[in-house]
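Just below is one structure, and these are the notes that go with it.
Just so it is clear, the structure is predicted and the values come from calculations on it, not from any experiment.
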Amino acid sequence: MDSRSHTHVTAALRLCLHALLAGLLALVVVRAVGEGAADTAAVVAVTLLTAALYAAGAVRSSAVQPEDSVQPKDSARPGSSVQPGTRAGAWWLGGLWVLWAALLVLSPDALWVAFPLYFLQLHFLPMRWALPAVVVTAAAAITSFVVHRQEIEPGAFIGPLIGAAVAVATVLGYDALFRESERRRELIVELVATRADLAEAERTAGTLAERERLAREIHDTLAQGLSSIQLLLRAAERSLPENAPATPHVRAAREAAQANLAEARSFVRALTPPDLEHGSLAAALERLCARTTAPELAVRFAVSGTPVELPTPYEVALLRTAQSALANTVRHAEARRAEITLSFMDTSVALDVVDDGRGFDPSGAPVPERGTGGDGGFGLPAMRARAGSLGGALSVESAPGQGTAVALTLPLPDTEAGRAA
């Protein structure tokens, strides 16, 4: 429920309390005038003073706290007048109680005014003071009835006590409902914000995935094709005599292929993941470990061997595999430690992601994957496909309660192939 809805509800309850108090004070005056009591003038005077003091508090409340404003929780109780919890409010309530006590002495009908006073005391005073004040008010009403009627009846005790109990239950129940509604409202706001964040994350993930796909397609088709054409034209140029008529044309074609290959490579670099744009693969993996957070999870990164420059598809595959494996660790493993190791060997490069989590059965239920209703990352099949497209292999070792180890191994391209790629 919106806070404005609470404002409208409390405004309606406040108006009802105003009307109740005004009606009961009017009843006191009418009964005093109708019975022609000797102290009628005093009753009318005290009643008018009580009404004037209450009206002053109500007017001040309207000036300080407009009904259309969003109220804090402490002002949600019915019967709001001047500000609760302030010295002015306490003096105002004390003045009302004194005038009511004087009215009790003059007229037995004033005891009914105790019912709106219960709500005012519960609203303006802390609960540890409000409950004793309600008890004192009920006792004063009962005493007034006994003194004026000169008899003891069960109704004289039951009526004020039941009224006090109803007032306490109403205020406490309203407070509980208001707090629950506020918690739900905050939860809805949080859910809406989370949904917006998730939608933005999905859009960003889709954009990055499409960029990676285009980069991979350009590299695997155009760039590799232009590289092969360049190598073939270079071989043809070397096999032709120096003064052959076709030599200039072959040289021009080779230079055009070389220029277009450079353009294709620039496109591939522009479409690579942002984490690889401003540093090496090792630096990107170290940043990944630093920004991965989960309760009681420590993530470390290590490099083994002598780092060598890798083709862009290799770096993308290694980074995305680390991201996916670490995301599964955070979301599913409930691990305390995780370690990413990048190892450079003579003929291959390997990435190991190891955690001490609860593990799973690799031959049984798969880790949730994107698009299957789970919240996982790229998934094991996608990681295997990525490794296979580069001639590598992905292995997963895990068992329930034994943690998980994901290892990606890619063969290093030879020097000539690395230059061609």
Exercise for the section: Taking the side chain as every heavy atom from C-beta outward, state whether Leu281 and Tyr314 have any atom pair closer than 4.5 Å. Expected result: no

Exercise for the section: Search all heavy atoms of Leu104 against all heavy atoms of Ala140 and return the closest pair with its distance. Expected result: CD1-O, 3.8 Å

Fill in the blank from the handout: Closest non-hydrogen contact found for Leu21 with Pro116 is CD1-CG, 3.7 Å

Fill in the blank from the handout: Here the pair of heavy atoms bringing Thr404 nearest to Gly359 is OG1-CA, 3.7 Å

Practice task
Could you grab the distance from atom OG of Ser304 to atom CE of Met345, nearest 0.5 Å is fine?
Solution key: 8.0 Å

Fill in the blank from the handout: Between the CG atom in Leu53 and the CG atom in Leu96, the distance rounded to the nearest 0.5 Å is 4.5 Å

Problem - Aromatic ring pairing Trp97/Trp100, orientation class (parallel under 30°, perpendicular over 60°, tilted between) - result: perpendicular

Fill in the blank from the handout: When Leu99, Leu49, Leu25, Leu17 are each screened for side-chain contact (heavy atoms from CB on, under 4.5 Å) with Tyr54, the one that passes is Leu17

Handout entry: Arg195 side, atom CZ; Ile188 side, atom CD1 - distance, nearest 0.5 Å
Key = 10.5 Å

Practice task
Find out whether Leu161 and Ile142 are in side-chain contact, i.e. whether some heavy atom of one side chain is under 4.5 Å from a heavy atom of the other.
Solution key: yes

Completion exercise
In short, Leu410 meets Gly392 closest at the heavy-atom pair CD2-CA, 3.8 Å

Fill in the blank from the handout: Between the CG atom in Leu310 and the CG atom in Leu342, the distance rounded to the nearest 0.5 Å is 7.5 Å

Handout entry: Chi angles and distances behind the side chain to side chain contact (heavy atoms under 4.5 Å, CB included) call for Phe344, Val303
Key = CA-CA 8 Å; Phe344 293 92; Val303 178; 4.2 Å; yes

Problem - Arg358 side chain vs His332 backbone, donor-acceptor pair below 3.5 Å - result: yes

Exercise for the section: Could you tell me whether the side chain of Thr247 and the main chain of Pro241 form a donor-acceptor pair under 3.5 Å? Expected result: yes

Handout entry: Neighbour count above 12 (heavy atom, 6.0 Å) for Glu397 CD
Key = no

Exercise for the section: Would you check if the side chain of Ser324 reaches a backbone N or O of Arg320 as a donor-acceptor pair within less than 3.5 Å? Expected result: no

Handout entry: Nearest heavy-atom neighbours spanning Ala335 and Leu297
Key = O-CD1, 3.5 Å

Problem - Neighbour count above 12 (heavy atom, 6.0 Å) for Glu286 CD - result: no

Exercise for the section: Working to the nearest 0.5 Å, report the span between CD of Glu315 and CG of Leu285. Expected result: 9.5 Å

Practice task
For the pair Arg234 and Glu237, find out whether any cationic side-chain nitrogen is under 4.0 Å from an anionic carboxylate oxygen.
Solution key: no

Practice task
Could you tell me whether a side-chain N or O of Thr321 sits under 3.5 Å from a main-chain N or O of Leu318, the two making a donor and an acceptor?
Solution key: no

Problem - Side chain to side chain, Met383 and Leu408, heavy atoms closer than 4.5 Å - result: no

Handout entry: Nearest heavy atoms of Ser398 and Pro362, plus distance in Å
Key = O-CD, 3.4 Å

Practice task
Taking Ser181 for its side chain and Leu177 for its backbone only, find out whether a donor-acceptor pair lies under 3.5 Å.
Solution key: no

Handout entry: Evaluation steps, side chain to side chain contact (heavy atoms under 4.5 Å, CB included), between Val134 and Tyr118
Key = CA-CA 6 Å; Val134 169; Tyr118 294 152; 3.8 Å; yes

Practice task
Give the C-alpha distance, both sets of side-chain angles, the deciding distance and a yes or no for side chain to side chain contact (heavy atoms under 4.5 Å, CB included) between His249 and Leu240.
Solution key: CA-CA 11 Å; His249 300 290; Leu240 290 174; over 6 Å; no

Exercise for the section: Could you tell me whether a side-chain N or O of Ser348 sits under 3.5 Å from a main-chain N or O of Leu412, the two making a donor and an acceptor? Expected result: no

Problem - Electrostatic pair Arg183:Glu180 at N-O distance under 4.0 angstrom - result: yes

Exercise for the section: Start with the C-alpha distance between Glu186 and Glu190, add both sets of side-chain angles, then the distance that settles side chain to side chain contact (heavy atoms under 4.5 Å, CB included), and finish with yes or no. Expected result: CA-CA 6 Å; Glu186 293 170 358; Glu190 183 179 353; over 6 Å; no

Practice task
May I ask you to say whether Arg251 pairs ionically with Glu255, meaning some side-chain N is under 4.0 Å from a carboxylate O?
Solution key: no

Exercise for the section: Please confirm whether the backbone N or O of Arg386 pairs with a side-chain atom of Ser389, one donor and one acceptor, at under 3.5 Å? Expected result: yes

Practice task
To the nearest 0.5 Å, tell me how far Asp355 CG sits from Arg337 CZ.
Solution key: 10.5 Å

Exercise for the section: Keeping the roles fixed (side chain from Thr341, backbone from Ala302), state whether a donor-acceptor pair exists under 3.5 Å. Expected result: no

Exercise for the section: Please tell me if the side chains of Leu120 and Leu117 come closer than 4.5 Å, counting only heavy atoms from C-beta onward. Expected result: yes

